[in-house]
S.K.: 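Okay, handing you the structure first.
This structure is a prediction, so every number in the text was calculated from the model and none was measured.
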Amino acid sequence: MITTQKILTICIIFATIFVVYMLQEKKPVENNVPIPVSTSTNATSTETMVLTVYLQDKEVARVSDCRVTKKATFEIPKTTGVADASLKYLFGEELKKFGVYKSVSIENGVAKVLLADEIGSLSSCESGHIMGVLTDTLTQYPTIQKVELYGPLGKIEF
């Protein structure tokens, strides 16, 4: 016969396993898939480089925090515009449903990301997803400490 004490013990064991699973350090995802990044005057066709971006961790987003990201790396043609290449990738894949990337400017440690169109109304999870991915990807570069998002009408606030 199952007693209340046994049920309580089983619940505590499952809760402990769940907490340990959620707190374990996520290992980076390594992808060596070439991605399409438009070539520019600062790219060469013979040399490549590794581009690192941060994508939403879908497992964590489903249960708790939409801002949590995980690392992904790709081999691309060498470029000096790594922030631009990162954003082209993100808005071509991970963030394409939220807007069309136009450009980025970096001034005084702030990356100002300009979209070609305005973002419609978003849930708090969607806005957290966008800013988590953009912030984690761009602040990996030593010249960027903060990220701001802009549309044609000005700064986008979440």
S.K.: Can you tell me how far apart CD (Glu75) and CE (Met49) are? Round to the nearest 0.5 Å.
M.R.: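 Output value for this atom pair is 10.5 Å.
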
S.K.: Which distance, rounded to the nearest 0.5 Å, do you find between the OG1 of Thr79 and the NZ of Lys88?
M.R.: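 Reported value, rounded in 0.5 Å steps: 7.5 Å.
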
S.K.: Using every non-hydrogen atom in the two residues, find where Val53 and Leu90 come nearest and quote the distance to one decimal.
M.R.: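 Answer, listing the atom of Val53 first, then Leu90: CB-CD2, 4.1 Å.
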
S.K.: For Lys58, I'd like to know if atom NZ has over 12 heavy atoms of other residues, nucleotides or ligands within 6.0 Å.
M.R.: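 Enclosed: over 12 neighbouring heavy atoms sit under 6.0 Å from NZ of Lys58.
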
S.K.: Is a side-chain donor or acceptor of Asp117 paired with a backbone partner of Val100 at a separation under 3.5 angstrom?
M.R.: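 At least one qualifying donor-acceptor pair exists.
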
S.K.: What pair of heavy atoms forms the shortest contact from Val82 to Leu51, and how long is it?
M.R.: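 Taking every non-hydrogen atom into account, O-CD1, 3.9 Å.
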
S.K.: How far apart are the closest heavy atoms of Ala83 and Ile106, and which atoms are they?
M.R.: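 Heavy atoms of Ala83 and Ile106 come nearest at CB-CD1, 4.3 Å.
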
S.K.: Nearest 0.5 Å please: distance from the NE2 atom of His129 over to the CD atom of Glu94.
M.R.: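 Rounded to the nearest 0.5 Å, the NE2-CD separation comes to 3.5 Å.
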
S.K.: Identify the heavy atoms of Thr52 and Gln140 that sit nearest to each other, and give their distance.
M.R.: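 What the structure gives for the nearest pair is O-NE2, 2.7 Å.
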
S.K.: With side-chain contact (heavy atoms from CB on, under 4.5 Å) as the test, would you mind laying out the steps for Thr48 and Phe74 before giving the verdict?
M.R.: CA-CA 10 Å; Thr48 61; Phe74 303 93; over 6 Å; no

S.K.: Which heavy atom of Glu148 sits nearest a heavy atom of Lys155, and at what distance?
M.R.: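 Nearest heavy atoms, Glu148 then Lys155: OE2-NZ, 3.4 Å.
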
S.K.: For Tyr150, give me all partners under ring-ring contact (aromatic ring centres under 6.0 Å, His included), at least two apart in sequence or on another chain.
M.R.: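 Once residues adjacent in sequence are excluded, Tyr150 has no partner under the ring-ring contact (aromatic ring centres under 6.0 Å, His included) criterion.
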
S.K.: Identify the heavy atoms of Cys66 and Ala61 that sit nearest to each other, and give their distance.
M.R.: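 Nearest heavy atoms, Cys66 then Ala61: CA-CB, 4.0 Å.
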
S.K.: Any chance you could measure Gln56, atom CD, to Asp136, atom CG, to the nearest 0.5 Å?
M.R.: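 The distance works out to 11.0 Å.
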
S.K.: Can you find a pair of side-chain heavy atoms, one from Asp84 and one from Tyr101, that are under 4.5 Å apart?
M.R.: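 Asp84 reaches Tyr101 side chain to side chain.
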
S.K.: In sequence, state the C-alpha distance, the side-chain angles, and the governing distance for Phe91 and Leu115, and then conclude on side-chain contact (heavy atoms from CB on, under 4.5 Å).
M.R.: CA-CA 10 Å; Phe91 281 97; Leu115 301 181; 3.6 Å; yes

S.K.: With the 4.5 Å side-chain cut-off for hydrophobic clustering, are Leu134 and Tyr141 part of the same group?
M.R.: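 In one cluster with Leu134: Tyr141, yes.
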
S.K.: Could you grab the distance from atom CG of Leu149 to atom OG of Ser127, nearest 0.5 Å is fine?
M.R.: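 If I round to the nearest 0.5 Å, the distance is 10.5 Å.
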
S.K.: Quick one: which of Leu95, Leu138, Leu114 gives a side-chain contact (heavy atoms from CB on, under 4.5 Å) with Leu87?
M.R.: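 That would be Leu138; it is the only one of Leu95, Leu138, Leu114 passing the side-chain contact (heavy atoms from CB on, under 4.5 Å) with Leu87.
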
S.K.: Return the CD1 to CD distance between Ile144 and Glu107, rounded to the nearest 0.5 Å.
M.R.: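 That separation rounds to 11.5 Å.
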
S.K.: For a quick check under 3.5 Å, do Tyr89 and Thr137 share a side-chain donor-acceptor pair by atom type?
M.R.: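 Judged by distance alone, the side chains do not pair up.
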
S.K.: Mind checking who shares a hydrophobic cluster with Leu153, ILVMFWY linked at side-chain heavy-atom distances under 4.5 Å?
M.R.: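 When side chains under 4.5 Å apart are linked, Leu153 ends up in no cluster with other residues.
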
